[in-house]
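Quick caveat: nothing in here was measured; it's all calculated off a predicted structure.
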Amino acid sequence: MNLPRLGSLWMLVAAFFFAIMGVLVKLGAEKFSSAELVFYRSLFGLLFIIIVTRLRGGSLKTRLINTHMKRAILGFASLICFFFAISELPLATAITLNYTSPMFLAMAMPFMLHEKPRKILLLAVAIGFTGVILLLKPSLHMNELIAGAIGLLSGAMAGIVYVHVTQLGRAGEPDWRTVFYFTLVCTIGSGLWMMFYHFTPPDWSDLLTLLGLGASATIAQLALTRAYRTGSPLVVGSLAYTTVVLASLFGILIWGETLSADRWLAVGLIILSGIISVCFTPRPNKG
């Protein structure tokens, strides 16, 4: 596709549409389950990628199917957890918990590279977990604590997902092929979940929300993949936190969500932890 060469700035495009996706997930969760929302989000992207690939005469075959499957399966699990957290928590809180991924990546990479953890990364992890504890501390209801833990789990899995996204980009895999396998696994997985667990028939009034969810998620995913493939991982990882700011604004404007001073401090600590982690985490090897 002849798109502008924005490099790392593609992450700002992704951040905006991820925030829009979060809003639509929260609206859709009033009627649909997390698995159903993942299905509609993924089906749109899958059909879009297939149509564009056919029109451009591209190929969906890959020699890196194992890496694609690892990324897709972990991404699917992370997405289910993320959507559930959005449905149960304030939008800014759910997205902040998902964006703890660099913190978990900082914890995992030294072991993956068989290196001694850097002191600065240990500090980042400590700051991040302080933020997480502070963010969840006011949640006295068990439902919110469970949703918070699931949101945190989505961030942990997302950290590993980004390793695979970076590896696929460095191996020369195009953005749309990476997104294709991700949406394929998500569509099949959530479709099976709906088949054996629960299915809520949509009506015409749901069409705008579901189409908007699919479109915003697909644009965001393509922009994210292009950002990691063409930009600096350090800059991309830092700009990703724009999503938290946008989601906070949307939460205030649409639902009147207000976070207490200690929760805003928690969000700030998690963002600081993430940026430190992004800047000082060793990069995974190519391939």
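The hydrophobic clustering, which links ILVMFWY residues whose side-chain heavy atoms are closer than 4.5 Å, places Trp264 and Leu249 apart. Residues Phe196 and Val38 share a hydrophobic cluster, clusters being chains of Ile/Leu/Val/Met/Phe/Trp/Tyr side chains in contact below 4.5 Å. By the rule that hydrophobic residues join a cluster once side-chain heavy atoms approach within less than 4.5 Å of another member, Leu24 and Ile254 end up as members of one cluster. Side-chain heavy atoms closer than 4.5 Å link hydrophobic residues (I, L, V, M, F, W, Y) into clusters, and following such links, even through other members, never connects Val245 to Trp255. Under the 4.5 Å side-chain heavy-atom criterion for grouping Ile, Leu, Val, Met, Phe, Trp and Tyr, Leu43 is connected to Met195 within one hydrophobic cluster.
For the atom pair CD1 (Ile80) and CG (Leu37), the distance works out to 9.0 Å, reported to the nearest 0.5 Å. Taking CZ from Phe18 and OG1 from Thr243, the interatomic distance works out to 7.0 Å, rounded to the nearest 0.5 Å. Remark: Ser248 OG to Glu257 CD distance equals 9.0 Å, nearest 0.5 Å. Expressed to the nearest 0.5 Å, how far CG of Leu91 lies from CD1 of Ile86 amounts to 6.0 Å. The line from CG of Leu153 to SG of Cys81 is 4.5 Å long, rounded to the nearest 0.5 Å. Ser154 contributes atom OG, which lies 9.0 Å from atom CG of Leu79 (distance to the nearest 0.5 angstrom).
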Ile95 vs Phe82, test: side chain to side chain contact (heavy atoms under 4.5 Å, CB included). Steps then yes/no. CA-CA 8 Å; Ile95 289 183; Phe82 182 35; 3.8 Å; yes
Could you walk me through whether Phe17 and Thr218 pass the side chain to side chain contact (heavy atoms under 4.5 Å, CB included) check? CA-CA 9 Å; Phe17 283 100; Thr218 301; over 6 Å; no
Check against side chain to side chain contact (heavy atoms under 4.5 Å, CB included), Leu213 and Phe44: CA-CA 9 Å; Leu213 171 60; Phe44 181 97; over 6 Å; no
Set out, in order, the CA-CA distance, both residues' side-chain angles and the distance that settles side chain to side chain contact (heavy atoms under 4.5 Å, CB included) for Trp176 and Thr53, then state yes or no. CA-CA 8 Å; Trp176 46 269; Thr53 303; 3.7 Å; yes
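Of the N and O atoms on the side chains of Arg226 and Gln221, not one donor lies less than 3.5 Å from an acceptor on the other residue. No hydrogens or angles considered: nothing links the side chains of His198 and Glu36 as a donor-acceptor pair under 3.5 Å.
Contact between Leu46 and Phe180 at its shortest, heavy atoms only, is CD1-CE1, 3.5 Å. Minimum heavy-atom separation, Leu246 to Ala19: CB-CB, 3.7 Å. The shortest heavy-atom contact between Phe16 and Phe250 is CE1-CZ, 4.4 Å. Between Ile270 and Thr100, the shortest heavy-atom distance links the atoms CG2-CG2, 3.8 Å. The minimum heavy-atom distance linking Glu88 with Ala147 is given by the pair CB-CB, 3.5 Å. Across all their heavy atoms, Arg41 and Ala217 have their closest contact at CG-CB, 3.4 Å.
Side-chain atoms of Glu173 never come within 3.5 Å of backbone atoms of Leu64 as a donor-acceptor pair (strictly under, hydrogens ignored). For the pair Ser42 (side chain) and Phe39 (backbone), a donor-acceptor distance under 3.5 Å is absent. Counting only distance, with no hydrogens or angles, the side chain of Ser273 and the backbone of Leu269 share no donor-acceptor pair below 3.5 Å. Judged by distance alone, with hydrogens and angles left aside, the side-chain atoms of Ser78 form no donor-acceptor pair with the main-chain N or O of Gly75 at under 3.5 Å. Side-chain N or O atoms of Lys31 include none that pairs as donor or acceptor with a backbone N or O of Pro202 at under 3.5 Å. Although no hydrogens or angles enter the test, the distance criterion places a donor-acceptor pair under 3.5 Å between the side chain of Ser190 and the main chain of Cys186. Judged purely by atom type and a 3.5 angstrom limit, Tyr197 has no side-chain atom pairing as donor or acceptor with the backbone of Leu192.
Proximity of Phe32 to Leu210: side-chain heavy atoms (C-beta onward) are separated by under 4.5 Å at one or more points.
Cation-pi geometry between Arg71 and Tyr181 is not met: the NZ or CZ atom fails to fall both under 6.0 Å from the ring centre and inside 45° of the normal.
Heavy atoms of other residues, nucleotides or ligands lying less than 6.0 angstrom from CD1 of Ile65 number more than 12.
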